[in-house]
Amino acid sequence: MTNTFKRPVAPVKIKQLHADAVIPRYARAFDAGFDLVAVEDVIILPGETAKIPTGLAFALPDGYELQVRPRSGISAKSKLRISNAPGTVDAGYRGEVCVLIDNIRTPSGESGKTCMDVSDKPVEVDREVDRHAYLIRKGDRIAQGVLAIVPIADFEVVEELDETERGAGGFGSSGVQ
Ligand SMILES: O=c1ccn([C@H]2C[C@H](O)[C@@H](COP(=O)(O)OP(=O)(O)OP(=O)(O)O)O2)c(=O)[nH]1
């Protein structure tokens, strides 16, 4: 792709909170996101939500947010979903960035020392779990981060809003097909 438009670059400071935390990088030119990587093993039982640590803290410039978004490969292959997609990391947040993940499978009722990995492939675990559990392994690329500009709203309370073609129509007012 040739492009004369220069993509804006914003300075982002990163603090490694864990020796094994993976420093983000854009895998390819023109990628919108960089992978966020789990820094520890976590088992997510069916129907449960887990907070997966990345071992990283960020200082974003004012006027920016970091969105925590799903990776389409994981969503396509497994029943793992980001609970709050897109997650919002505020510019003022200095804590560890974590990824909230739901295992939307229902319990199978059968347990053993095998469950699934993020590709929905069987994986051995060290304790008995429902076979519909997922193991997130340290080093798994569990989400992607997208840096985004966020304008701040200058709120003004008024008696009347200006008229528009849409007016109050919404929620399928134009039909759903
Ligand atoms: O996927 C996410 C979402 C949020 N956060 C961190 C950064 C963010 O700045 C902070 C608060 O998130 P949010 O504003 O979404 O949560 P809240 O429930 O409104 O909490 P608070 O009352 O602390 O703002 O938690 C993450 O690490 N991952």
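This structure is a prediction, so every number in the text was calculated from the model and none was measured. Indexing begins at 1, ligand by ligand and atom by atom, following the structure's order.
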Q.
Treating N103 as the side-chain partner and R105 as the backbone partner, does any N or O pair qualify as donor plus acceptor under 3.5 Å?
A. yes

Q. Is there a protein heavy atom less than 4.0 Å away from atom 14 (O) of ligand 1?
A. yes

**Q.** Subset of ligand 1 atoms that lie under 4.0 Å from at least one heavy atom of E96
**A.** 27 (O)

Q) Is R7 atom CZ crowded by more than 12 heavy atoms from other residues, nucleotides or ligands, each under 6.0 Å away? A) yes

Q. Would you say D117's side chain and L135's backbone share a donor-acceptor pair under 3.5 angstrom?
A. no

Q.
Among all protein heavy atoms in this structure, tell me which lies nearest to atom 7 (C) of ligand 1, with the distance rounded to 0.1 Å.
A. Y93 CD2, 3.3 Å

Q | Residues in side chain to side chain contact (heavy atoms under 4.5 Å, CB included) contact with V158, at least two apart in sequence or another chain | A | E156, L161

(Q) Give me the residue, atom name and distance of the protein heavy atom closest to atom 9 (O) of ligand 1. (A) D90 OD2, 2.6 Å

Q: Please determine, by modelled atom types, if T49 and D102 share a side-chain donor-acceptor pair under 3.5 angstrom.
A: yes

Q. For ligand 1, which atoms sit closer than 4.0 Å to a heavy atom of G87?
A. 1 (O)

Q) What protein heavy atom sits nearest atom 8 (C) of ligand 1, and how far away is it? A) T88 O, 3.2 Å

Q: Measure the OG1-CD1 distance between T54 and I23 for me, rounded to the nearest 0.5 Å.
A: 9.5 Å

Q) For ligand 1, is any non-hydrogen atom under 4.0 Å from N84's backbone (N, CA, C, O), its side chain (CB onward), both, or neither? A) side chain

Q) Considering only heavy atoms, which of P53, P86, C98 lies nearest to atom 28 (N) of ligand 1? A) C98

Q. Between atom CD of Q67 and atom CD of Q144, what is the distance when rounded to the nearest 0.5 Å?
A. 10.0 Å

Q. How about atom 24 (O) of ligand 1: does it have a protein heavy atom within less than 4.0 Å?
A. no

